[in-house]
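Note that the structure is predicted; figures quoted are calculated from it, not measured. Atoms within a ligand are numbered from 1 in the order they appear, just like the ligands themselves.
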Amino acid sequence: MRAMTLDSYGLEPRVTELPAPVAKEREVLVRVHATSVNPIDWKQASGRYRPFLTAAFPFVPGYDLAGVVEALGPGVTGFAVGQRVHTRLSGRAGGANAELVRAGLDVLRPMPEGMDFEQAAGLPLAGMTALQGLRDVGGLPMTGARQRVLIIGASGGVGHLAVQLAAAAGAQVTGVCSARNAELVRRLGASSVIDYGTPDAYAGVPPFDLVFDCVGSAPGAFLHLVAAGGRFASCVPGPAVFVRRALNVLSSKAVLPVLLSPNAKDLGTLDALFAQEKLEVIIDGRFDAAQLAEAWKRSATGRTVGKLVVTWR
Ligand SMILES: NC(=O)c1ccc[n+]([C@@H]2O[C@H](COP(=O)([O-])OP(=O)(O)OC[C@H]3O[C@@H](n4cnc5c(N)ncnc54)[C@H](OP(=O)(O)O)[C@@H]3O)[C@@H](O)[C@H]2O)c1
């Protein structure tokens with residue numbers, strides 16, 4: 001089968017022939033139709049986050065995929081050959097960018113009615129990060145939420161889904177984005193928008209119950225925007241987040257890292273919201289499988305609106 005692989009750390013994966021995998025206990029084999037790009041893909045491939053994020057070579061990068069069940073491993077119930085499925089593969093070993101991929105039942109979901117392969121590949125990693133970040137780390141109830149939520153990076157992969165999830169939960173959402181994306185962020189559910197390119201963008205802005213950061217902002221620069229008893233949840237937790245977290249006991253404002261834990265239940269929650277038309281996945285760009293390096297370059301500009309997808313069929 002065809003796969004995109006790296007033989008050493010770097011950003012130029014190439015088309016390779018690999019033996020087709022065989023589904024193991026409680027796994028299915030998926031024929032991949034689309035994958036999506038997440039910054040972790042090229043960060044891991046680059047090797048710059050070693051030793052926390054390593055790669056075993058030959059390395060097949062990527063975590064999100066959508067496709068059709070090709071075969072069932074031993075002990076699999078609830079899935080059938082030919083079924084359309086999607087997943088964020090578990091663990092930290094990548095593996096998505098190949099024609100055939102093994103996926104565990106713990107992270108696999110049937111695609112909901114009306115969802116195409118591109119949206120299905122775009123949703124899992126970014127959507128579960130948004131859901132877990134808002135709900136589990138941010139403490140946002142997913143129904144009847146009355147909280148004021150600030151989402152920094154509201155137009156990106158995680159951010160554009162977080163805006164929709166928080167709005168669907170009932171929160172009052174303010175999105176931080178550039179002027180070119182303001183209209184989109186409002187359409188997705190933000191009641192107000194802050195253009196981060198404006199001088200004194202935050203002057204006079206009242207505090208929030210939750211600041212959800214998708215761009216790696218320094219927590220110290222935003223704590224004045226967190227209400228007493230509120231939280232700053234970071235999807236890009238650098239050392240400053242962990243140092244500040246250690247001081248949470250001394251403060252009425254908590255700084256917390258968001259660390260995705262992929263699972264089929266949360267993906268099912270997102271699928272249900274999609275089926276209720278409360279969630280859409282914006283696709284900003286499409287690339288052929290062999291153009292994966294180009295897709296990464298585009299992602300690394302940090303200017304993606306929604307998701308970039310890679311088509312395999
Ligand atoms: N902790 C975890 O488990 C976890 C999970 C998923 C993702 N992440 C991390 O979270 C980050 C976001 O991921 P992503 O997939 O959402 O990335 P992304 O799609 O590449 O984000 C790009 C978006 O960020 C916006 N942006 C850039 N700088 C901004 C700023 N200063 N203020 C507001 N918006 C800004 C851009 O808008 P403009 O073009 O308008 O600037 C663009 O729409 C990445 O670092 C990723 O590695 C972590």
Side-chain angles (χ1 to χ4, degrees), residues 35-46 48-49 52-53 61-64 88-92 94 121-138 150-165 173-186 188 190 193-199 201-202 205 211-219 221-222 225 232-238 241-242 245 255-263 266-267 270 281-285 295-309:
T35 65
S36 82
V37 179
N38 291 286
I40 188 178
D41 301 348
W42 46 264
K43 289 179 184 176
Q44 183 172 21
S46 74
R48 79 183 207 223
Y49 290 97
F52 306 107
L53 194 55
Y63 289 95
D64 275 340
R88 186 287 191 190
L89 295 172
S90 55
R92 292 182 149 215
L123 183 59
L125 191 155
M128 282 189 277
T129 304
L131 177 64
Q132 293 173 12
L134 293 169
R135 181 194 62 192
D136 306 341
V137 181
L150 181 74
I151 296 174
I152 308 172
S155 53
V158 177
H160 89 291
L161 295 167
V163 168
Q164 296 174 74
L165 290 173
V173 180
T174 300
V176 180
C177 59
S178 59
R180 73 185 176 112
N181 294 321
E183 199 182 315
L184 170 74
V185 170
R186 280 186 197 277
L188 294 176
V193 158
I194 294 172
D195 171 5
Y196 70 84
T198 308
Y202 295 97
V205 172
V211 173
F212 185 64
D213 177 53
C214 307
V215 304
S217 310
F222 283 90
L225 287 173
F232 177 95
S234 171
C235 291
V236 196
V241 168
F242 290 101
R245 181 178 65 169
V255 172
L256 298 163
V258 176
L259 300 167
L260 170 64
S261 173
N263 66 85
D266 283 348
L267 187 51
L270 298 169
V281 183
I282 304 284
I283 307 296
D284 191 18
W296 284 358
K297 259 180 223 138
R298 170 93 172 269
S299 170
T301 64
R303 301 278 85 86
T304 305
V305 179
K307 295 293 301 178
L308 301 174
V309 293

Protein contact of atom 18 (P) of ligand 1 - nearest heavy atom, named by residue and atom, plus distance | Gly157 N, 4.0 Å
Nearest protein heavy atom with distance in Å, relative to atom 42 (C) of ligand 1 | Thr304 O, 3.0 Å
Contact partition for Lys307 relative to ligand 1, non-hydrogen atoms under 4.0 Å | neither
Is a side-chain N or O of Ser36 found less than 3.5 angstrom from the main chain of Ala121, in a donor-acceptor match?
-> yes
Per-atom contacts of ligand 1 with Leu259, taking only distances under 4.0 Å to non-hydrogen atoms | 3 (O)
Ligand 1 atoms nearer than 4.0 angstrom to some heavy atom of Lys43 are 44 (C), 45 (O), 46 (C), 47 (O)
Give a yes or no answer on whether the side chain of Asn38 reaches the backbone of Asp41 with a donor-acceptor pair at less than 3.5 Å.
-> no
Any donor and acceptor pair, going by atom type alone, linking the side chain of Arg88 with main-chain N or O of Gly127 inside 3.5 Å?
-> no
Does Gln132 reach the main-chain N or O of Ser261 with its side chain, forming a donor-acceptor pair under 3.5 Å?
-> yes
closest protein heavy atom to atom 27 (C) of ligand 1 is Arg303 NH2, 3.3 Å
Could you tell me the residue and atom name of the protein heavy atom closest to atom 37 (O) of ligand 1, and the distance to it rounded to 0.1 Å?
-> Ser155 OG, 3.2 Å
Side chain or backbone of Leu260 under 4.0 Å from ligand 1, or both, or neither, by non-hydrogen atoms?
-> both
Taking only heavy atoms of Arg180 into account, list the atoms of ligand 1 that are under 4.0 Å away from them.
-> 38 (P), 39 (O), 40 (O)
Protein contact of atom 24 (O) of ligand 1 - nearest heavy atom, named by residue and atom, plus distance | Gly302 O, 3.7 Å
Nearest protein heavy atom to atom 35 (C) of ligand 1, by residue and atom, and its distance?
-> Val215 CG1, 3.5 Å
Is Val258 touching ligand 1 with its side chain, its backbone, both, or neither, if touching means heavy atoms under 4.0 Å apart?
-> backbone
If only atom types and distance count, is the side chain of Lys307 paired as donor or acceptor with the main-chain N or O of Val37 below 3.5 Å?
-> yes
May I ask you to list the atoms of ligand 1 that are less than 4.0 angstrom from any heavy atom of Cys214?
-> 11 (C), 12 (C)
Taking Asn263 for the side chain and Asp266 for the main chain, is one N or O donor matched with an acceptor at less than 3.5 Å?
-> yes
Is there any N or O on Asn38 that sits under 3.5 Å from an N or O of ligand 1?
-> no
Among all protein heavy atoms, pick the one closest to atom 7 (C) of ligand 1 and tell me residue, atom and distance.
-> Val158 CG2, 3.8 Å
Atoms in ligand 1 with a heavy atom of Gly156 nearer than 4.0 Å = 16 (O), 19 (O), 21 (O), 22 (C), 23 (C), 43 (O)
So which heavy atom in the protein is nearest atom 9 (C) of ligand 1, and how far is it from that ligand atom?
-> Cys235 O, 3.6 Å
For ligand 1, which part of Leu125 has a heavy atom less than 4.0 Å away: the side chain, the backbone, both, or neither?
-> side chain
Is the backbone N or O of Gly197 less than 3.5 Å from a side-chain atom of Asp195, with the two atoms forming a donor-acceptor pair by type?
-> yes
When you measure from the side chain of Asp284 to the backbone N and O of Val305, does any donor-acceptor pair fall under 3.5 Å?
-> yes
Give the single entry among Thr301, Asp213, Val236 that approaches atom 10 (O) of ligand 1 most closely by any heavy atom.
-> Val236
Which of the atoms of ligand 1 are close to Gly153, meaning less than 4.0 Å from one of its heavy atoms?
-> 33 (C), 34 (N)
